[in-house]
Amino acid sequence: MKEAIGFIGLGIMGGGMAANLLKAGFDVVVWNRTPGRITPLAAAGAAVADSPAAVAAGCGIIITCVSDTPDVEEVILGPRGVIEGIRSGSLVIDCSTISPAVTRAIAGRLQAVGAHMLDAPVSGGSEGAARGTLSIMVGGEAEQVRRAMPALQAMGKTITHVGGHGAGQMAKLVNQILVVVTMQGVAEALLFAQAGELDLEKTLAAVGGGAAGSWMLNNRGPQVIRRDWRPGFTVDLQQKDLRLVLEAADEMGIPLPSTALVFQYYRALQQQGLGGEGNHALVKALERLAGMEVGM
Ligand code: NAP
């Protein structure tokens, strides 16, 4: 029999993920801080709880998908949080992108009351959340990963158990280093091509299929050329993730010079009021250094 699933945090990601659990036939109990976001899920058949504690009291598996580290601490460990209602043996799956170190601490607090935790941050954007095609990077005990698998498969396509508590968050941060350093390369290359008066579309066609090709170049490059800054992933969320990367790198004592540089560029964009634009707006930071613009 399928376990009832609680879902806390019905934002851009959580809303689609909870809807896919309902579509897959799970009994779903939802809570969101702002009640308006609950309406479409309730209409699709979800039961509604009045606190994270009440969600936990009614469900064997509780999924959280909220913004940042303090938010996960609040909904799990805070007043009327999950820990106040959770039953012994229940499983919390945190799909937010947060600090690996705090993840391990929360897993310890849940373990102390007889409950389990997996970190399961996601990649694939709002489209992936809506379509159920997310990549999910999972940290925790293998037995709990097996238990979570039917729910994870309802929300994602590529599910990888990467290691113990916090390892899912670490893998997600690896993903973010690759995303931003690649985007930095795409931005510099397009600026160079523009300054050299190349046809940018032909240039993308020429290099996109070779060794220099990448998802970022092929998907965000054309958006940069069209100067279309609509977000798949915002500068603000990207900046939050880079802060997590740099904090974890600092704890481990390793240098990440390129990531640190991109972090500073994103900070400049935030100060210019561009935090809501897509992460490919990184090119605008270089444009201001170069005194020229890319694209038409
Ligand atoms: P979002 O649309 O801004 O939604 C955030 C959700 O968290 C909302 O339900 C919000 O509640 C809730 N929340 C935030 N702080 C809270 C608190 N202190 N107490 C209770 N609820 C709180 O964000 P999102 O895009 O869904 O992102 C959620 C997580 O997924 C983040 O960690 C993000 O980095 C990660 N992620 C996002 C994407 C993406 O493309 N968007 C991709 C991969 C991973 P309210 O409705 O009350 O504000």
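Just so we're clear, the structure is a prediction, and the values are computed from it rather than from any experiment. In each ligand, atom 1 is the first atom listed, and ligand 1 is the first ligand listed.
At under 3.5 Å, not a single nitrogen or oxygen of Gly9, backbone or side chain, sits near a nitrogen or oxygen of ligand 1. Ligand 1 has no nitrogen or oxygen under 3.5 angstrom from a nitrogen or oxygen of Ser96. The distance criterion of under 3.5 Å between nitrogen or oxygen atoms is met by Leu10 with respect to ligand 1.
At a heavy-atom cutoff of 4.0 Å, ligand 1 is contacted by the side chain of Glu74 but not by its backbone. Both the backbone and the side chain of Thr34 come within 4.0 Å of ligand 1, counting heavy atoms alone. For Val75, every heavy-atom contact with ligand 1 shorter than 4.0 Å involves the side chain, none the backbone. Residue-level proximity to ligand 1 for Lys172 is carried by the side chain, the only part with a heavy atom below 4.0 angstrom.
With atom 6 (C) of ligand 1 as the reference point, the heavy atom nearest to it among Cys65, Ala129, Ser126 is part of Cys65. Comparing heavy-atom distances from atom 12 (C) of ligand 1 across Leu237, Val66, Thr97 singles out Val66 as nearest.
Pairs engaging residues 120-159 under the ring-ring contact (aromatic ring centres under 6.0 Å, His included) rule: none recorded [sequence neighbours left out].
In terms of protein heavy atoms, atom 48 (O) of ligand 1 is closest to Arg33 NH2, 3.0 Å. Nearest protein heavy-atom contact of atom 4 (O) of ligand 1 is Gly11 CA, 3.4 Å. At the top of the distance list for atom 42 (C) of ligand 1, counting protein heavy atoms only, stands Met13 CE, 3.6 Å. In this structure, the protein non-hydrogen atom closest to atom 44 (C) of ligand 1 is Val122 O, 3.5 Å. Nearest protein neighbour of atom 9 (O) of ligand 1, counting heavy atoms only, is Asn32 OD1, 2.7 Å. In this structure, atom 23 (O) of ligand 1 lies nearest to the protein heavy atom Ile12 N, 4.5 Å. The shortest contact between atom 14 (C) of ligand 1 and any protein heavy atom is with Ser67 OG, 3.2 Å.
Side chain to side chain, Asp94 and Ser96 meet the donor-acceptor criterion of an N or O pair below 3.5 Å. No hydrogens or angles considered: a donor-acceptor pair under 3.5 Å links the side chains of Gln144 and Arg147. In this structure, a donor-acceptor pair under 3.5 Å is present between the side chains of Arg220 and Gln223.
At least one heavy atom of Gly232 sits closer than 4.0 Å to an atom of ligand 1.
For ligand 1, the atoms lying closer than 4.0 Å to a non-hydrogen atom of Asp71 are 15 (N), 16 (C), 17 (C), 18 (N). Ligand-side atoms of ligand 1 in range of Lys240: 31 (C), 32 (O), 33 (C), 34 (O), range being under 4.0 angstrom from any heavy atom. Residue contact check: Arg37 has heavy atoms under 4.0 Å from atoms 2 (O), 4 (O), 8 (C), 9 (O), 45 (P), 46 (O), 48 (O) of ligand 1.
Rounded to the nearest 0.5 Å, atoms CD (Glu141) and CG (Leu91) are 9.5 Å apart. The distance from atom CG of Leu152 to atom NE2 of His161, rounded to the nearest 0.5 Å, is 11.0 Å.
Around atom CE of Met170, no more than 12 heavy atoms belonging to other residues, nucleotides or ligands sit under 6.0 Å away. Within a 6.0 Å sphere centred on CZ of Arg109, other residues, nucleotides and ligands contribute 12 heavy atoms or fewer.
For Asp27 (side chain) and Ala4 (main-chain N/O), no donor-acceptor pair under 3.5 Å exists by modelled atom type.
Ion pair Glu293/Lys284 not flagged as a salt bridge, since none of the NZ, NE, NH1 or NH2 atoms sits closer than 4.0 Å to an Asp/Glu carboxylate oxygen. Salt bridge absent: Arg33 and Glu74 never bring a charged side-chain N and a carboxylate O closer than 4.0 Å.
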